[in-house]
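What follows is a set of notes on a single structure, which appears directly below.
So you know, we letter chains A, B, ... as the sequences are listed, proteins then strands, and number each from 1. In this text the structure is predicted, and so the values were computed from the model without any measurement.
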There are 2 protein chains.
Amino acid sequence: MFSKACEYGIRAAVYITLQSLEGRRVSVNEIAEEIDSPIAFTAKTLQLLTRNDIIKSVKGPTGGFEIDREEMNNVKLNMIVKAIDGDKIFKGCGLGLKECNANKPCPLHDKFVDIRTNLSKMLGSTSLYELAMGLEVGLTFLKR
Amino acid sequence: MFSKACEYGIRAAVYITLQSLEGRRVSVNEIAEEIDSPIAFTAKTLQLLTRNDIIKSVKGPTGGFEIDREEMNNVKLNMIVKAIDGDKIFKGCGLGLKECNANKPCPLHDKFVDIRTNLSKMLGSTSLYELAMGLEVGLTFLKR
DNA sequence: TATTAATCGGACAAAATTGTCCGAAATAAA
DNA sequence: TTTATTTCGGACAATTTTGTCCGATTAATA
Ligand code: FES
Ligand code: FES
């Protein structure tokens with residue numbers, strides 16, 4: 001469904017959100033440890049999120065990643081997915097035709113668009129804050 | 001969503017179904033031409049479907065691929081996807097945890113399972129015959 | 001029987017994704 | 001000002017996915 005980079009990116013963003021709620025800025029090392037992901041590779045995807053203004057980074061000692069209290073609510077998962085994986089999953093054809101086009105649809109088009117629309121709505125309406133809340137109360141987990 | 005191999009596999013299977021309805025057995029060359037896919041790579045994928053008893057192959061002159069009139073209705077897309085991509089898409093965690101587990105769920109679990117279930121139902125209820133019918137009446141297409 | 005046309009299967013090659021390493025730049029604190 | 005700690009960015013490496021090639025096998029037909 002999502003690329004590894006995107007999976008790490010979402011998990012990392014949720015962890016950053018959780019810690020930002022406590023006012024803590026977190027380093028790549030801590031993040032990778034807490035979400036069980038390869039450090040350097042995770043760093044790369046966090047840079048992507050930073051360049052897309054989804055999270056904020058601060059260099060130097062006491063530096064790290066954080067996200068504004070307000071932004072937690074504004075940032076929805078579709079922004080993260082789009083920043084990392086592009087919009088193939090939002091616009092692409094399920095059977096791999098060059099583009100999804102209702103005027104010359106593939107055999108699966110109608111049924112696929114249905115699923116894709118639901119996925120799109122779900123990702124577009126799920127905020128980092130919402131996901132971090134489940135974590136905070138110990139209902140959900142970022143690693144196992 | 002699906003791998004390239006899987007996309008080619010489904011498109012090929014639908015084309016084979018369409019031609020089998022006319023009593024025509026088709027070669028890999030014709031299939032690859034009609035669905036606009038790499039020949040040798042498509043051949044590999046068709047071997048997979050053959051080994052999984054999803055389509056039938058006949059060697060030698062006048063040989064090729066076909067599917068029984070009855071099987072067209074029995075073969076659902078989930079069988080093809082499972083044969084080629086395995087069951088990662090049916091059982092995997094959306095955020096990449098080792099396994100999807102409701103007892104120790106990732107933050108996206110509930111919402112993701114929802115989507116995944118819909119996808120699963122859709123693939124499990126869509127037959128090759130059904131998809132071939134859209135093609136036959138010129139409503140859908142396998143290449144552009 | 002010989003020829004021909006098709007799938008099968010394994011080895012190989014190319015490209016994309018995933019992952020690592022290291023020096024540069026920034027900045028807080030001694 | 002120096003040192004230490006962090007992200008940044010580019011080069012590189014490993015792995016997986018995608019794609020190619022070719023000889024072996026099968027079977028129809030001349
Ligand atoms: S054309 Fe294939 S999903 Fe729309
Ligand atoms: S645990 Fe992540 S989707 Fe179920």
Problem set entry | Proximal nucleotide (of C/dT20, C/dT18, D/dA27) relative to the A/Ala40 side chain | C/dT20
Problem set entry | Pi-cation contact, A/Phe41 with A/Lys4 (under 6.0 Å, within 45°) | no
Exercise. Going hydrophobic residue to hydrophobic residue with side-chain gaps under 4.5 angstrom, can you get from B/Met133 over to B/Ile10?
Worked result: yes
Problem set entry | Value in whole Å for how far the P atom of D/dT17 lies from NZ of A/Lys4 | 11 Å
For this session: Measure from CG on B/Asn52 to P on C/dC8 and round the result to the nearest Å.
Result: 13 Å
For this session: Take A/Phe2 and A/Gly60, find for each the nucleotide of DNA chain C with the closest heavy atom, and name the residue whose nucleotide sits nearer the 5' end.
Result: A/Phe2
For this session: Would you sort out whether A/Glu130 and B/Lys111 count as a salt bridge (charged side-chain N to carboxylate O under 4.0 Å, His left out), showing the intermediate values?
Result: CA-CA 12 Å; A/Glu130 179 183 351; B/Lys111 296 184 173 196; 2.7 Å; yes
For this session: Name all residues meeting the salt bridge (Lys or Arg N to Asp or Glu O under 4.0 Å) criterion together with A/Arg116; count only those two or more places apart in sequence or in a different chain, and write none if there are none.
Result: none
Problem set entry | Rounded interatomic separation in angstrom, taking CD from A/Gln47 and P from C/dA25 | 15 Å
Exercise. Reckon B/Arg51 has a side-chain N or O less than 4.0 Å from the OP1 or OP2 of C/dG9?
Worked result: yes
For this session: Report yes if a side-chain nitrogen or oxygen of A/Tyr8 is closer than 4.0 Å to either non-bridging phosphate oxygen (OP1 or OP2) of C/dG19; otherwise report no.
Result: yes
For this session: Scan residues 14-36 of chain B against DNA chain D and write down, sorted by residue number, each residue with any heavy atom closer than 4.0 Å; if none is found, say none.
Result: none
For this session: Kindly check if the number of other-residue, nucleotide or ligand heavy atoms within 6.0 Å of NZ (B/Lys104) is above 12?
Result: yes
Exercise. Rounded to the Å, how far apart are B/Lys44 NZ and C/dC8 C1'?
Worked result: 8 Å
Exercise. Under a 4.0 Å N-O cut-off, is there an ion pair linking B/Glu30 with B/Arg24?
Worked result: yes
Exercise. What is the distance, rounded to the nearest whole Å, between atom CZ of A/Phe41 and atom C1' of C/dA16?
Worked result: 11 Å
Seminar exercise, completed: To the nearest angstrom, the CD1-P distance between A/Ile84 and C/dT17 comes to 14 Å
For this session: Measure from CD1 on B/Ile39 to P on D/dT20 and round the result to the nearest Å.
Result: 8 Å
For this session: Go through C/dT27, C/dC8, C/dT18 for me and flag the one nearest to the A/Pro61 side chain.
Result: C/dT27
For this session: Examine C/dC8: is either OP1 or OP2 under 4.0 Å from a nitrogen or oxygen in the side chain of B/Ser57? Give yes or no.
Result: yes
Exercise. Linking I/L/V/M/F/W/Y whenever their side-chain heavy atoms sit closer than 4.5 Å, directly or via other members, would B/Phe2 and B/Leu48 fall into one cluster?
Worked result: yes
For this session: Check the distance between D/dT7's P and A/Leu48's CG and give it to me in whole angstrom.
Result: 16 Å
Problem set entry | Closest to side chain of A/Lys59, choosing from C/dG19, D/dA11, D/dT7 | D/dT7
